[in-house]
Every structure is written in structure tokens, then in C-alpha cells.
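Within every chain, numbering begins at 1; the chains are lettered A, B, ... in the order of the sequence lines, protein sequences first and strands thereafter. This is a predicted model, so every value here is computed, not measured.
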2 protein chains.
Amino acid sequence: MKISGTSLGLTTTDCIVTLDPSYTLLEFDSLRELPAETESLMPESTPVLRQASGGLCSICADRATGKHYGASSCDGCKGFFRRSVRKNHAYTCRFSRQCVVDKDKRNQCRYCRLRKCFRAGMRKEAVQNERDRISCRRDGQGVGTLSISVLLQAEASTHQYLSSTPLMNCDITAKKIASVGDVFESMKQQLLLLVEWAKRIPEFCELPVDDRVALLRAHSAEHLILGVARRSLPYNNIILLGNDFIIPVSGPEPEVSKVAARILEELVRPLRELDITDSEFACLKTIIFFAPDCPGLERSQTVRRLRFQAQVLLDEATFEQRGRFGELLLLLPPLQSVAWQLVEQLQLMRLLGQASVDSLLQEMLLGENVARGAALQPGSNSEVLMFNQHAGPALSRDLLGEHVALPCNFTSVILPVPSSLPGVPLLPTQTGTDLYTHGQEENMPTEIANNLPVPAVHTCL
Amino acid sequence: MKISGTSLGLTTTDCIVTLDPSYTLLEFDSLRELPAETESLMPESTPVLRQASGGLCSICADRATGKHYGASSCDGCKGFFRRSVRKNHAYTCRFSRQCVVDKDKRNQCRYCRLRKCFRAGMRKEAVQNERDRISCRRDGQGVGTLSISVLLQAEASTHQYLSSTPLMNCDITAKKIASVGDVFESMKQQLLLLVEWAKRIPEFCELPVDDRVALLRAHSAEHLILGVARRSLPYNNIILLGNDFIIPVSGPEPEVSKVAARILEELVRPLRELDITDSEFACLKTIIFFAPDCPGLERSQTVRRLRFQAQVLLDEATFEQRGRFGELLLLLPPLQSVAWQLVEQLQLMRLLGQASVDSLLQEMLLGENVARGAALQPGSNSEVLMFNQHAGPALSRDLLGEHVALPCNFTSVILPVPSSLPGVPLLPTQTGTDLYTHGQEENMPTEIANNLPVPAVHTCL
DNA sequence: CCCTAGGGGTCAAAGGTCTC
DNA sequence: GGAGACCTTTGACCCCTAGG
């Protein structure tokens with residue numbers, strides 16, 4: 001140490017020369033701090049709070065607040081030294097570098113004050129790097145424009161119907177087992193809520209209408225499954241539908257129970273172990289929703305960015321627990337898998353004539369672009385058989401170069417964000433009402449109704 | 001008394017201590033792993049893992065004073081973590097949450113420092129409350145034994161055949177377009193390599209044989225796709241098979257090209273944009289491999305832990321780039337989707353009699369538990385039609401309570417870890433040789449051959 | 001009985017804040 | 001923009017205890 005001593009007063013003789021910015025040439029090594037030891041002799045008996053240390057500042061003889069940077073000093077000299085070193089200030093003495101530095105005159109010559117700081121034993125090495133700020137600027141995190149609060153609000157808005165009926169039948173044993181019709185009914189409700197949910201996300205509303213439709217269709221089955229899994233978290237061996245019906249694992253319908261069992265085992269169980277939070281759920285849903293590989297997407301890059309933002313939000317919401325982010329993302333493959341099985345069951349039931357599939361379900365879940373009430377599009381039978389969310393009609397057409405443009409004449413009817421109340425046909429307060437089949441046109445805003453027939457999803461937007 | 005400082009500060013903290021709801025909700029005990037220890041178990045050979053040596057703080061690389069709260073760390077990071085958890089601080093990064101945290105800069109961003117504490121394995125549950133010592137709960141089990149170096153070696157061992165032929169035909173234009181037979185041929189090779197790869201992972205070898213078979217079957221199609229995607233990274237609009245044939249997007253076989261197009265678009269492109277590294281690839285493959293939801297798994301929890309270790313390894317390998325970990329994991333759903341389509345194509349081709357599917361392919365890709373040369377198992381036709389990796393025969397039987405025990409009399413022939421050279425029927429040096437069909441029994445180790453007929457996968461183990 | 005690892009606490013001296 | 005009174009954070013250092 002004492003390297004400064006070696007470079008001792010060599011060049012510092014002319015009075016006008018500015019201090020070397022890096023302070024390496026300073027000769028002030030003749031440290032003679034007098035009162036440094038006094039304080040150590042003093043017992044702690046002095047109850048004076050702050051500048052209790054009985055010493056004096058070895059630079060200006062003000063009351064010292066302790067040792068700073070190597071010298072007993074006051075707060076003023078401490079701050080002065082730190083600022084000088086941090087900003088690498090180069091001061092000049094206007095006189096002959098012999099200025100008096102005391103409590104009253106210490107601000108009259110910075111050059112001489114700094115020189116005295118060094119002489120008193122302050123070392124510039126003791127000044128640290130700038131640190132993080134302490135103050136609290138509560139600004140939301142997030143990379144882009146997506147924010148957790150918006151996502152949480154969107155999520156909350158789609159639950160308002162349920163929560164409005166306070167604690168609606170919390171007793172599971174009192175709930176009725178869902179028939180196939182009840183399941184379809186619930187699915188329709190949830191799909192409509194999904195549309196509502198999406199419309200609460202401004203970034204979604206700014207996409208072209210075709211992209212909006214494509215996104216809504218792309219992973220709707222996964223959203224259904226994810227939603228039902230989450231709703232069922234508090235219960236054991238039971239799936240709770242949105243319309244308050246239940247599906248027991250060992251229910252009457254083997255096809256239904258099969259899917260239910262997988263939901264419970266592969267989704268509910270891990271979700272429960274993770275004890276997923278609302279924020280996490282909101283992010284996960286958004287990640288699933290903004291699917292950049294969704295076929296026919298015009299703004300694929302935008303969607304990719306949105307998904308990126310969502311996954312970074314999730315990462316940030318989970319960083320306290322190592323591995324949690326990954327575990328949450330790793331729920332997506334099984335979710336997709338279960339969703340697939342659900343769609344397959346649907347297809348099968350429709351093929352076997354066991355159920356009439358509503359047009360909304362047909363369009364969103366089965367991926368078919370049907371006009372309401374119109375017949376099935378011809379020529380897609382084999383594709384239905386080997387249905388696959390991605391290889392459905394849309395993508396197949398795409399890959400075969402048979403791209404069929406989605407109807408674009410409905411742009412005018414798109415309501416970017418629901419202004420006040422959701423303008424959607426509402427959820428029934430009592431379950432069991434088929435709110436869509438045959439009864440929907442009347443409930444729709446007239447400007448949409450005028451354009452009938454249109455694919456169902458378009459009418460919801 | 002010296003309480004002065006604290007008593008003064010009592011009222012001034014509120015603006016900093018913002019309530020972060022997620023902060024208090026984390027209790028998540030089940031997945032507590034300490035992969036931080038993995039590196040202590042492995043030689044220093046891995047160049048990938050920083051935080052390597054045991055004497056360094058895994059947060060800031062200062063000298064560590066021991067393990068604190070679950071991570072080897074210095075006193076500074078220890079104190080920082082305790083204070084942060086105790087006071088429930090919610091920090092904000094002023095930049096983009098990518099701050100470097102090292103000895104010099106660790107105080108520049110508390111958000112990033114705390115985040116790194118968590119990522120390094122610190123757990124807030126380990127911070128005890130004032131003077132009140134709870135159980136000193138030794139972390140006991142759970143030590144992550146998986147290491148990147150082992151995974152990299154396993155990966156390298158399955159490439160040795162290819163790299164032994166130096167730069168084998170780097171000119172793509174000189175390569176031949178694959179016929180359907182060539183594709184099958186390549187798939188078989190790659191599946192055998194997958195078995196070899198798995199056998200290089202000690203943790204895999206310690207699993208019961210039925211679990212090993214189940215894992216090998218579960219996501220084999222995804223491994224094929226992932227491998228081919230990676231192999232094709234350097235090329236444009238072309239899929240490069242393992243046996244050096246190529247599949248152009250606009251090839252003669254529309255069914256094949258369809259899958260190829262998706263591979264290129266949904267996998268090759270993002271992988272190329274990410275510029276995936278060897279370590280990342282190795283982790284990703286392992287994550288896919290250890291699929292805890294795989295039907296019929298006995299040691300499901302063990303597999304889940306292994307996957308957890310793998311995903312934490314990947315997280316650590318990618319932490320420098322924000323969002324990278326998530327983007328990599330988000331490749332898995334499309335990978336699964338493409339794999340599904342591949343399997344569907346296979347099913348279809350077999351149904352239409354366009355190709356004879358080898359028994360290995362049948363077992364591993366189509367999920368059927370067939371004895372070599374035996375006829376198709378009856379009664380699964382409808383299930384084949386709606387094939388689904390999870391809902392395939394095995395799971396269906398399971399769910400229907402028709403669990404068919406896998407043959408367990410082959411335990412004795414299992415070779416835990418390949419001692420020297422892989423003891424598998426080797427890859428042909430020249431392509432086009434069908435090494436499996438009708439010609440395999442002669443190539444197998446005799447003790448396996450004596451037990452014929454057995455499912456193909458068992459014989460490989 | 002002692003030793004050690006990893007909990008807990010302390011407080012000098014860094015840092016930052018904010019009004020003149 | 002600087003000065004400096006005032007408050008927070010950091011981390012080296014030490015104590016304590018259970019498990020070996």
C-alpha cells in the first residue's frame with residue numbers, strides 16, 4: 001500500500017495546476033489525524049443520537065460523524081469527498097493553495113478542501129461504485145405493453161358472473177352430475193367467456209380481425225381444460241364445470257370420465273402442488289393464447305412478441321422459487337395433449353351421432369369454418385378423422401395452397417374493446433339454458449345480425 | 001442504547017416495503033431440489049457451468065463462506081437475502097432485468113441480485129424468524145445428480161457414428177431425396193440411438209425396466225422430430241435425415257412434405273433464431289425424455305424429479321438471456337404437435353397399406369406393445385384411429401382397468417450402463433440396409449435372443 | 001467433549017435522499 | 001448543480017445450537 005507515498009509531491013508544486021483527475025499524483029500522504037483516537041476512548045455513555053462521536057472532523061474541525069473513507073470527518077466533508085471522487089472533479093485553487101479549511105470557510109476553496117481530505121487520510125479507493133436506488137418507484141414491470149394487472153382484470157371480468165352468485169353451491173355433494181348436454185353447455189359458456197377475456201386485452205384488440213379469430217380458435221380446447229382444471233383445484237376426484245355441474249372420475253360416461261381422469265392426474269394435481277397463484281394463471285393463459293404458430297396468422301411476429309412478454313411476466317412472477325417457472329410451462333404439453341383428447345372425443349361423438357355439436361363448438365373446438373346453420377363444409381371428412389389442432393382444415397388448406405380467405409367484410413362490426421358492459425349474450429343465471437342454439441340471433445347486436453350468416457366467432461368479436 | 005438508529009428508521013420504511021402478494025404465498029415444498037449441488041458432484045470438466053467451484057458465491061462469485069439458505073454464498077449475499085426476505089422487500093430493476101451480478105456490481109441492482117439468489121437455489125423458507133429457530137431441517141435427499149456434462153457426453157456418443165465419417169457429404173445438393181423407405185430406415189436408426197442415449201444416463205439405468213421401456217416409448221416421436229430439426233438447422237427448406245437423405249419442403253410425397261414444412265416453420269426457424277447451444281439441446285431432450293405423466297410409470301415421482309433437475313439445468317444454462325429459457329420450453333408444445341402429426345401419418349400409411357411398419361417403429365412410435373413378428377394385437381383398431389400418444393393402447397387399458405402387465409421376465413438381461421461400446425446392433429455404414437426387419441435376431445446378444453419373442457424395446461435395453 | 005455448518009445478530013461505515 | 005443533515009443498506013464479524 002501507500003503507493004500514493006511513492007508519487008509524493010513531485011509535480012504538485014505549481015499552484016494553478018489542476019488536480020489530477022484520477023488523484024494519483026497527490027502527495028497528501030502525511031497523515032496526521034489527531035483526534036481519531038479520542039472517540040475510542042470515550043465510553044458509549046453519550047446518549048446524543050447522531051454525531052455523537054466526540055471527535056472533530058480532521059478536515060474542517062466540525063463535529064465528526066465517524067470515520068469516513070479513512071478519516072474522522074463530518075458529513076459535509078464525507079459527502080464532498082465522495083462526490084469529488086465519484087465525478088472525478090478537477091478543482092483549481094484561485095490563490096496559493098494555502099486556503100484555510102474550517103467549518104466556516106470549507107466551501108471557499110474546493111481544491112484546498114479536497115487536498116486536506118487526502119491529507120487527513122481519506123482514500124479514494126474507499127469510495128465505492130454507485131449502488132441501486134433505495135427509493136420506491138412503483139412502476140409495473142414487464143417488457144412490453146402487457147401487464148399483469150391488465151391480465152388479472154381480464155381474468156376477473158370473466159369470473160364476475162359466477163362470483164355474483166355468492167358462494168354458489170359450495171357444497172359439492174349437492175351438485176349434479178353433468179350429462180353430455182351439460183358439458184356442451186358449459187363449454188359454450190366458457191368459450192364465450194374466452195372471447196370476452198380476449199377483448200379485455202388491448203393488444204389483442206389491435207390485431208386484424210382474421211388474426212383475432214385465428215387466435216380464438218387455435219387453442220380454445222386448451223383454455224377450456226385449463227379453466228376447468230383450475231376450477232377443480234379445491235376438490236378431490238371431481239371436475240367442476242363452469243355451470244356448476246360436476247364430473248366425477250368414475251362417472252356414468254366412460255368417454256367423459258377418461259378425459260376427466262387425465263385432467264385430474266396431469267393438470268389438477270401438479271397445479272395443486274404448485275399452488276398456482278392468480279397472476280401465474282393469468283400469465284399462463286396468455287402464453288397459451290398468443291400462439292404464434294397458429295395457422296394463417298398475419299401478424300405472427302406480433303403474436304410471438306406478445307407471448308414473449310407474457311412468458312417473461314410469468315418468469316418474473318415466479319422467480320422466487322427455483323424451477324417454478326419451468327414447472328408451470330411444462331404443464332403446457334400435457335394440457336395440449338388432454339385438449340386433443342377432448343377434441344377427439346367430440347369428433348367421435350359427433351360422428352357417431354351421439355351429440356349434436358353446436359356451431360360455436362364446431363368452429364372453435366373442431367376448427368371448422370362453418371357459417372351458422374349452413375351445412376358442413378364438404379370434402380373434409382378424412383381430415384376430421386385425423387383431426388389435429390394444427391392440421392385442421394385451415395392449415396391443411398394453407399399447406400395445400402388452397403388458402404381460403406376468411407370473410408373480411410365484417411371488419412366494421414368489430415368492437416375493439418367492450419365499452420361498458422360486455423355486449424355478449426350473457427351467461428344464464430340458471431344452468432341448463434341453451435343460450436346459443438337457435439336462440440342467438442335475437443340476442444345479438446343488430447348490426448351484427450344484419451350480416452348473417454357469419455361464422456360464429458366473428459359475431460362475438 | 002444503540003437502538004437509536006433503528007428507532008429513527010421505523011416509520012420511514014413503508015414506501016419501500018410494498019406488499020407483493022406473490023411473495024407471501026409461496027410455500028411449495030414438494031419440489032425442493034438443490035441442483036446447486038450437482039456441480040459439486042461433477043468434475044470441473046464442464047465448461048458450461050459457471051458457479052463451478054465450491055468456494056465461490058454462486059450469486060456474485062465472491063468468496064463463499066459456506067452454504068446459506070440453500071446456496072453456496074458469501075456473507076454479503078447471505079445478509080442481503082435475509083434482509084430481503086425478512087422485510088418482504090419488492091425491488092424494481094431500473095434496467096431490463098439482465099443486470100450482471102458479480103462482486104463489483106452486486107449492489108447496483110437489488111432486483112437482479114435477489115433474483116439470482118433465488119435462481120442459485122436460495123429458499124425463503126430457510127430464513128428463520130427472529131431468534132426463533134425452527135427445525136434445522138437438513139435438506140437431506142433430493143440432491144440433483146443429473147449434470148450437464150453427462151448429458152453432453154450422452155449426446156456426443158450418439159453422434160459418433162456420423163462424425164466418424166468426416167464431413168460426410170456436406171454438400172446438400174449432392175444428397176438424395178428420401179423415399180418413404182429411407183425415412184423409415186432413418187427413424188429406426190434414430191430410435192436405436194435414442195435407446196443408446198438413454199443408457200448413458202445413470203439415473204435412467206436405475207429405473208425399473210418397465211419404466212425404462214415406458215419412457216423410451218412415451219415421446220420417441222418427439223425425439224425423432226427434435227433430432228431431425230436440429231440436424232437441419234444449417235440448411236434452408238430442407239430436412240436432413242440421420243442417414244443422409246433429405247426431404248425438401250416441396251418433395252414428391254405430399255404427406256411427408258407436410259410434416260417437413262411444419263418442422264421447418266415451427267421448430268427449425270425458432271431454433272435457428274435462438275441459436276440453441278449443445279447444452280441447451282441436451283437439457284431440452286432430457287426434459288422431454290423424463291415425462292412423469294407417461295402412462296404406467298411406477299417411479300413417476302423419480303421421473304418428475306429428474307425432469308425437474310433437467311429443467312433447472314436448462315434454466316441455469318440460459319439465464320444470461322432474458323426469456324430464453326421460456327422460449328426454449330415453449331418449443332415443446334409445437335414439437336409434440338408435429339410429432340403427433342407424424343404418428344398420424346404413420347398410422348394412416350399403415351392402414352392404407354402404403355408401407356409396412358417395422359415392429360420397432362410400431363412399438364415405439366405407435367405405442368403398441370407387440371411381440372416381434374406377432375400379429376397386431378386385436379381390438380385396438382378404433383384406438384389406433386384416434387391415436388394419441390397418451391391415449392394409446394397402454395393408457396386406454398389403464399384407464400379401463402385392463403392394465404396389462406409388461407413382461408417382467410427380462411430384467412436379467414438389462415445392461416445397466418453400457419460398459420464400453422454400445423452393445424446395440426450398429427448403424428450401417430452404408431445407408432439403405434434394413435438392419436432390423438427379419439435380420440435382427442442374429443445380431444442380438446444371445447441371452448436376449450433366447451427369450452424371443454419379446455417386444456423390441458426390451459431387447460435393446 | 002469438541003468441532004463444524006449454518007442458522008441468528010450487530011454496527012461501523014458504506015450508500016442514498018432531499019431540502020436548501 | 002452542489003452542500004450537508006439525515007436515513008438505509010451492506011457485510012465483516014461474532015454468537016449459538018444441533019448433529020456428527
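Taking atom NE2 of residue B:His68 and atom C1' of nucleotide D:dG11, one finds them 11 Å apart after rounding to whole Å. For B:Arg123 and C:dG6, the CZ to P distance is 12 Å, given to the nearest whole Å. Between B:Ile59 atom CD1 and D:dG11 atom C1' the separation is 14 Å, expressed in whole Å. At whole-Å resolution of the value, CZ in B:Phe81 and C1' in C:dG7 are 13 Å apart. Between the CD atom of A:Glu130 and the P atom of D:dT10 there is a distance of 15 Å, rounded to whole Å. In this entry the distance linking CG of A:Asn129 with C1' of D:dT9 reads 16 Å, nearest Å. What separates CD of B:Gln128 from C1' of C:dG9 is a distance of 13 Å, to the nearest Å. As rounded to whole Å, 17 Å separates atom P of C:dG15 from atom NZ of B:Lys105.
Counting heavy atoms from C-beta outward, B:Cys60 and B:Cys74 have side chains that approach closer than 4.5 Å.
Side-chain proximity of A:Lys67 to the nucleotides C:dA13, D:dT10, C:dG6 is greatest for C:dA13. Among C:dG16, D:dA3, C:dG7, the nucleotide with an atom closest to any side-chain atom of A:Ile134 is C:dG16. Checking C:dG15, D:dG4, C:dA13 against the side-chain heavy atoms of A:Arg83 singles out D:dG4 as nearest. Closest to the side chain of A:Lys87, out of D:dG2, C:dG15, D:dG11, is D:dG2. Of the listed nucleotides (C:dG8, D:dT9, D:dT10), C:dG8 has the atom at the smallest distance from the side chain of B:Val127. Relative to the side chain of B:Asn107, the nucleotides D:dT10, C:dG15, C:dG7 differ in distance, and D:dT10 lies closest.
Scanning for ring-ring contact (aromatic ring centres under 6.0 Å, His included) contacts around A:Phe325 gives B:Phe325, with sequence neighbours left out. Here A:Tyr69 pairs with A:Phe81 under the ring-ring contact (aromatic ring centres under 6.0 Å, His included) rule; sequence neighbours left out. Contacts of A:Gln128 classified as side-chain hydrogen bond (donor to acceptor under 3.5 Å, both in side chains), with partners at least two apart in sequence or in another chain: A:Arg131. For A:Asp102, the salt bridge (charged side-chain N to carboxylate O under 4.0 Å, His left out) partners two or more places apart in sequence, or in a different chain, are A:Lys105.
At D:dT9, one or more side-chain N or O atoms of B:Arg110 fall inside 4.0 Å of OP1 or OP2 (strictly under the cut-off). For C:dG15, the OP1/OP2 oxygens have a side-chain nitrogen or oxygen of A:Tyr69 closer than 4.0 Å. Residue A:His89 places at least one side-chain N or O under 4.0 Å from the OP1 or OP2 atom of D:dG2.
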Write out a two-atom table: protein N or O, nucleotide N or O from nucleotides 12-14 of chain D, distance below 3.5 Å.
none

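Cation-pi geometry between B:Arg304 and B:Phe290 is not met: the NZ or CZ atom fails to fall both under 6.0 Å from the ring centre and inside 45° of the normal. Cation-pi contact between B:Arg119 and A:Phe319: absent, since separation from the ring centre below 6.0 Å together with deviation from the ring axis within 45° is not met.
Side-chain atoms of A:Asn129 and A:Arg86 include no donor-acceptor pair closer than 3.5 Å. For the 3.5 Å distance criterion, the side chains of B:Ser279 and B:Thr277 fail to qualify, holding no donor opposite an acceptor.
Scanning DNA chain C for stems, defined as runs of 3 or more consecutive Watson-Crick or G-U wobble pairs whose donor-acceptor distances all fall under 3.5 Å, gives the following ranges: C:2-20 with D:2-20.
Around CZ of B:Arg63, the count of heavy atoms belonging to other residues, nucleotides or ligands within 6.0 Å does not exceed 12.
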